Novice: 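First the structure, then my questions, so here it is.
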Amino acid sequence: MSDAAKILALHFGLLALLVALQFLLPAYHHGNLARIMVLASYAIGYNLLFGYTGLLSLGHAMFFAAGMYGMGLSVRHLGFTPAPALLAGIATGLALSAAFGALALRTAGVAFMIVTLMFAQAGYLIILYFGEYTRGDEGFVIQQSQRVLWGIDLTQPTARYFAAFTLFAACLLLSLQVIRRPFGKTLIAIRENEDRARMLGYDVFAHKLGAVILSGTVSAAAGAFYGLLFGYAGASFATVQYSILPLLWVLLGGAGTIIGPFIGALFTFYLIDIASGLTDAYMAVVGVVLLMLTLFASQGIGGELRARVWSWLP
Amino acid sequence: MTLLSTRGLAKDFGGLRAVHNVDFDLPQGQIRALIGPNGAGKTTFVGMLCGRLTPSAGRVAFDGADISTLPAHKRIRLGMAYTFQITSVFARLSCHENVALAVRRRHGDEASEVPAALVRVGLGHLEQALAGDLSYGHQRLLEIAMGLAQRPRLLILDEPTQGLSDSEIQAFKALIRDLSAEATILLIEHNMDVVMATADRVTVLNFGEILAEGTPPEIRADRAVQAAYLGTG
Ligand SMILES: Nc1ncnc2c1ncn2[C@@H]1O[C@H](COP(=O)(O)OP(=O)(O)OP(=O)(O)O)[C@@H](O)[C@H]1O
Ligand SMILES: [Mg+2]
């Protein structure tokens, strides 16, 4: 089998498995997996910037929240139905990431990191400031009647699962396409050696801006779906915790691998789930496992897979 | 026709005059060697030609157009290629991908041009190897292959033979002569043997200023050059 065939087999195999699991999983895990697929989509967005372009953001919650509030506020205040509301969420993420990129990419390294953190904090404060519309920390619920997409009730587990799956499949295949095309290969070149890429005639700024926009928009799509599928938008999704989580998922799953974000989100979700069933001090268990992983699988699970068995892993 | 020229080009590093008031003309098709003692300002000078460094003063023209304010990537797109003095390859990518990045940027044919460029520098057998696993000399050759793959009109090579074996240096000389049909070459070189064998003309830089310019025999005979450079080399 050629490398290209193996790549297609692996990623479509994963998608086929997720479809099959919809019919096999007990209700509890079925619900979990729907949530994990949306969070993994967020992580895919994060990975495009961090894993493939080498830009460390500590503020991606602003994009997730932009999608969530772009969707949620347009339902709540403008009476949008789900389809246009999702588009509004994605468009909000697109606009925010374009503006953010144009400003923040004037900095590099640690300064860039700090700017992402500050932008995200500003975003969080804006949500609180306009509490009259956003209901601040408390957030607001999106009613069941507002969550019917083309006649499909997204509060039903099967519909919700397939909506989450559709988002995840789109994000996975999009990121795979991006990385196999010249644009994505140039991002990797910039990550590896920015100066050399520039001296081959590549416009580094334009490519980084493209990566920020792509990453922010995918993250916003995940935020919009999350709000719609689980019926709630709240300021907690704009906090620094939601900026750190995708970093954690991507590091654990394997930065710069297409399946890494999914593996990381799945692993972390069940790690916390299982540990909290065993002990009240579950965060300590989680901490120890994370420490072990960083010590013994420093490239994350996907990175180790690539290094040890699947050298062709994109 | 003059492909590249500079007028009054200068660079200060906080009081240190690395390059001072350089007027330089390079006709199309020539192989020009740029020599000078360590710290003479050679790397700084070519850095201002290709846009890696912003000059403190002066202008650069390429193919009749003033490019003084163009960013580096746009100059490269006009037909310059630059190989770094301190080897700079994509260490974690394959040799193929290193060269492919150069080919793709100008929308060339990756399948045929990448192997051709690697074969030309003698790395045809290492196409799938990771660049970071190559020996130092082979990494230098890989950089030259990336330069060739850009099909530049002006190829700037900063000490390309450093770290090459004797047989690789012989092959390099042949490659440069072969290339001169396609590109104008500006070659920074410490190895006088390579300079004498390849260059049409030589420019000598000393303390950031042009000390002499002429054919290789003229430069070899120049007493000021001997004092500044050849005597110590
Ligand atoms: N970024 C920099 N900051 C400060 N000083 C610099 C910088 N780059 C070069 N210099 C100084 O400028 C002078 C010229 O350096 P340059 O590297 O251009 O010399 P060179 O002719 O290429 O030397 P070599 O043959 O050793 O490569 C040196 O004194 C060097 O120390
Ligand atoms: Mg130098």
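Heavy-atom basis, side chains included; hydrogens, waters and symmetry copies ignored. Sequence lines set the chain letters: A, B, ... in the order given, protein chains first and strands last, and positions in each chain run from 1. These numbers come from a predicted model, not from an experiment.
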Novice: More than 12 heavy atoms of other residues, nucleotides or ligands under 6.0 Å from CE of B:M1: yes or no?
Specialist: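 Counting neighbours around CE of B:M1, more than 12 heavy atoms of other residues, nucleotides or ligands fall under 6.0 Å, so yes.
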
Novice: Could you tell me whether a side-chain N or O of A:N193 sits under 3.5 Å from a main-chain N or O of B:V89, the two making a donor and an acceptor?
Specialist: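 Answer holds: yes.
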
Novice: What distance do B:R92 atom CZ and A:R191 atom CZ have between them, rounded to the nearest 0.5 Å?
Specialist: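 Rounded to the nearest 0.5 Å, the CZ-CZ separation comes out at 5.0 Å.
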
Novice: For B:K74, does the NZ atom have more than 12 heavy-atom neighbours from other residues, nucleotides or ligands under 6.0 Å away?
Specialist: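 No, NZ of B:K74 has 12 or fewer neighbouring heavy atoms, counting only those of other groups under 6.0 Å.
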
Novice: Using modelled atom types only, decide if a donor and an acceptor are shared between the side chain of B:R105 and the backbone of A:L200 within a distance under 3.5 Å.
Specialist: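 Checked: pair present.
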
Novice: For atom CZ of A:F12, decide whether the heavy atoms of other residues, nucleotides or ligands shown that lie under 6.0 angstrom number more than 12.
Specialist: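 Check fails, neighbour count at 12 or below.
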
Novice: Taking atom OH of B:Y82 and atom CE of A:M199, what is their separation to the nearest 0.5 Å?
Specialist: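 That separation rounds to 7.0 Å.
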
Novice: Could you tell me which of B:E143, B:E110, B:M80 has the largest number of non-hydrogen atom pairs under 4.5 Å with chain A?
Specialist: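 Most heavy-atom pairs within the cutoff with chain A belong to B:E143.
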
Novice: If I measure from the heavy atoms of chain A, does B:A102 come under 4.5 Å with its side chain, its backbone, both, or neither?
Specialist: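 Both backbone and side chain.
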
Novice: Check the surroundings of atom CD1 in B:I86: do more than 12 heavy atoms from other residues, nucleotides or ligands lie under 6.0 Å from it?
Specialist: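 No.
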
Novice: Are the side chains of B:F84 and A:R196 in touch, meaning some heavy atoms are under 4.5 Å apart?
Specialist: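 B:F84 reaches A:R196 side chain to side chain.
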
Novice: Please state whether the side chain, the backbone, both or neither of B:L101 comes within less than 4.5 Å of a heavy atom of chain A.
Specialist: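 Both backbone and side chain.
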
Novice: Between B:R77 (side chain only) and A:G201 (backbone N and O only), is there a donor and an acceptor less than 3.5 Å apart?
Specialist: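 Answer holds: yes.
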
